[in-house]
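Heavy atoms only: backbone and side chains are in, while hydrogens, waters and symmetry mates are out. Fair warning: this is a prediction, and the values are worked out from it, not measured in the lab. Just so we're on the same page: letters track the sequence lines, and every chain starts at 1.
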There are 2 protein chains.
Amino acid sequence: MGGLLRGEVEPGSWLRQDDLAGQLGVSKIPVREALQRLAGLGLLRFESNRGVVLPELSAAEAEENYALRRGIEPQMLERALPRLSIVDFAEAELALEADGLSLTEANWAFHRALYRSSGWERGLSMAEILHVAVAPYVVLYTEYLGGGTDSDAEHAALLEACRRGDTEAASALLLGHLDHAQQALVGFLEAKES
Amino acid sequence: MGGLLRGEVEPGSWLRQDDLAGQLGVSKIPVREALQRLAGLGLLRFESNRGVVLPELSAAEAEENYALRRGIEPQMLERALPRLSIVDFAEAELALEADGLSLTEANWAFHRALYRSSGWERGLSMAEILHVAVAPYVVLYTEYLGGGTDSDAEHAALLEACRRGDTEAASALLLGHLDHAQQALVGFLEAKES
DNA sequence: AATCAAATAATCATATACGATCTTGTCCAT
DNA sequence: ATGGACAAGATCGTATATGATTATTTGATT
């Protein structure tokens with residue numbers, strides 16, 4: 001299941017309930033319930049009498065994804081900024097070093113560390129969904145095409161602005177970061193679609 | 001299940017699986033799966049070995065709710081505005097008359113009509129969740145305390161701005177509408193909490 | 001009368017079983 | 001060879017049944 005956040009499940013692939021049940025050593029019932037939860041999150045789709053599929057993401061949907069992130073993440077950051085603790089900074093720092101974490105896991109761990117003190121449970125959950133939804137494509141984009149190296153620099157700059165308590169700068173850096181990531185991924189997907 | 005959108009289920013109440021199964025004439029398995037989907041949407045909470053409960057909403061969570069709506073709904077409205085068709089206007093108009101619809105159902109039907117042409121499936125689903133989450137309290141607030149009469153006027157003004165194709169005005173009216181609704185509901189909840 | 005313990009009842013969570021639906025392979029006709 | 005009808009296999013969706021956990025009642029003791 002964590003494979004979803006790691007972007008390891010290929011979009012368009014079918015999740016066989018008996019297989020998952022076997023791997024986990026349980027019956028299909030709890031497996032199906034977990035899959036329904038993920039379907040509620042919008043990460044999977046049930047197709048009647050055919051099973052569960054990981055939906056593919058169009059360029060337009062990726063664009064929507066980042067637009068929604070721009071709508072909610074800066075609010076969370078601004079709200080969290082004055083309350084950020086040394087623990088939050090340490091967690092963000094650790095995510096930048098990214099030991100033992102996949103690229104997409106580290107990505108979300110970094111952002112979450114900066115947002116968590118906002119106290120917005122629903123916003124955090126929505127942001128996580130948006131991160132997970134693009135994970136397989138971010139993996140594709142960065143690992144196969146060598147993109148995303150400037151993402152690290154942007155993360156570092158954002159963290160630094162947060163350390164200074166500079167709300168204006170941090171908010172602007174986050175928006176720019178999201179713009180860049182959107183541009184890269186949407187471009188990648190548009191090329192792939194044509 | 002639609003009872004959730006109508007705000008008819010009391011927050012804090014437990015949803016008995018056998019009862020629901022009996023009402024629907026099915027076994028508990030599909031009922032539990034549907035509840036898991038709603039739990040994935042964040043509308044219900046499973047408590048281990050105790051069942052499913054409709055969570056209560058704090059004033060802080062209501063504040064978050066409206067902040068998230070301000071983050072995503074204006075984007076959807078601006079994107080949908082140039083593509084709004086006569087069908088969308090008719091649907092919004094019908095929702096204002098609200099025949100056969102509960103207050104909260106009509107509310108969401110109106111907003112959805114104005115957002116749908118944005119083509120943002122995920123954004124629509126997120127907005128709907130945010131609407132449903134406050135539904136029981138909006139019902140409480142309006143039916144028991146006679147509030148929300150200015151909401152109708154704001155809806156009408158917003159629809160008129162959309163008809164004129166005035167993006168600026170529509171966006172501003174929507175933000176103001178959300179601010180008013182937030183103020184009213186958060187105030188109500190804060191009074192209730194103390 | 002109040003309190004605690006144990007028994008009873010209610011409810012949950014999941015394994016098993018089975019009919020329904022979809023997929024795949026085979027065979028025949030063209 | 002190609003296409004279509006049929007059969008065999010795989011997979012899904014849910015009813016039933018059962019052990020586990022929690023809630024409620026009962027009854028004894030102080």
How many Å lie between CH2 on B:Trp14 and C1' on C:dC12, as a whole number? 11 Å
Once you round it to whole Å, what is the distance between C1' of C:dA13 and CD of A:Gln36? 16 Å
Should B:Asp179 and B:Arg70 be marked as a salt bridge (Lys or Arg N to Asp or Glu O under 4.0 Å) after you check the CA-CA gap, both sets of side-chain angles, and the distance that decides it? CA-CA 8 Å; B:Asp179 279 338; B:Arg70 278 196 300 270; 2.9 Å; yes
Position toward the 5' end of DNA chain C (nearest nucleotide), B:Ile29 or B:Asp19: B:Asp19
With heavy atoms under 4.0 Å as the rule, sort B:Arg32 into base, sugar-phosphate or nothing. base
Want to settle it: does A:Ser27 or A:Asn49 sit nearer the 5' end of DNA chain C, counting the closest nucleotide to each? A:Ser27
What is the distance, rounded to the nearest whole Å, between atom NZ of B:Lys28 and atom C1' of D:dA15? 12 Å
Looking only at side-chain N and O atoms, does A:Arg50 come under 4.0 Å of OP1 or OP2 in C:dT21? no
Tell me which nucleotide among D:dT14, C:dC12, C:dA15 gets nearest to the side chain of A:Pro30. C:dA15
Is there a donor-acceptor contact under 3.5 Å from the side chain of A:Ser13 to the main chain of A:Glu10? yes
Can a side chain N or O of B:Gln17 be found less than 4.0 Å away from OP1 or OP2 on C:dA10? no
Quick one: A:Glu33 CD to D:dC12 P, roughly how many Å, whole number? 16 Å
Can a side chain N or O of A:Arg16 be found less than 4.0 Å away from OP1 or OP2 on D:dC12? yes
Check the orientation of B:His131 and B:Trp108. Use parallel for under 30°, tilted for 30 to 60°, and perpendicular for over 60°. tilted
Does CD belonging to B:Glu160 count more than 12 external heavy atoms closer than 6.0 Å? yes
Have a look at B:Glu47 and say if it touches a base, only the backbone sugar-phosphate, or nothing, with a 4.0 Å heavy-atom cut-off. sugar-phosphate
Could you state the CZ-C1' distance from A:Arg37 to C:dA13, rounded to the nearest angstrom? 13 Å
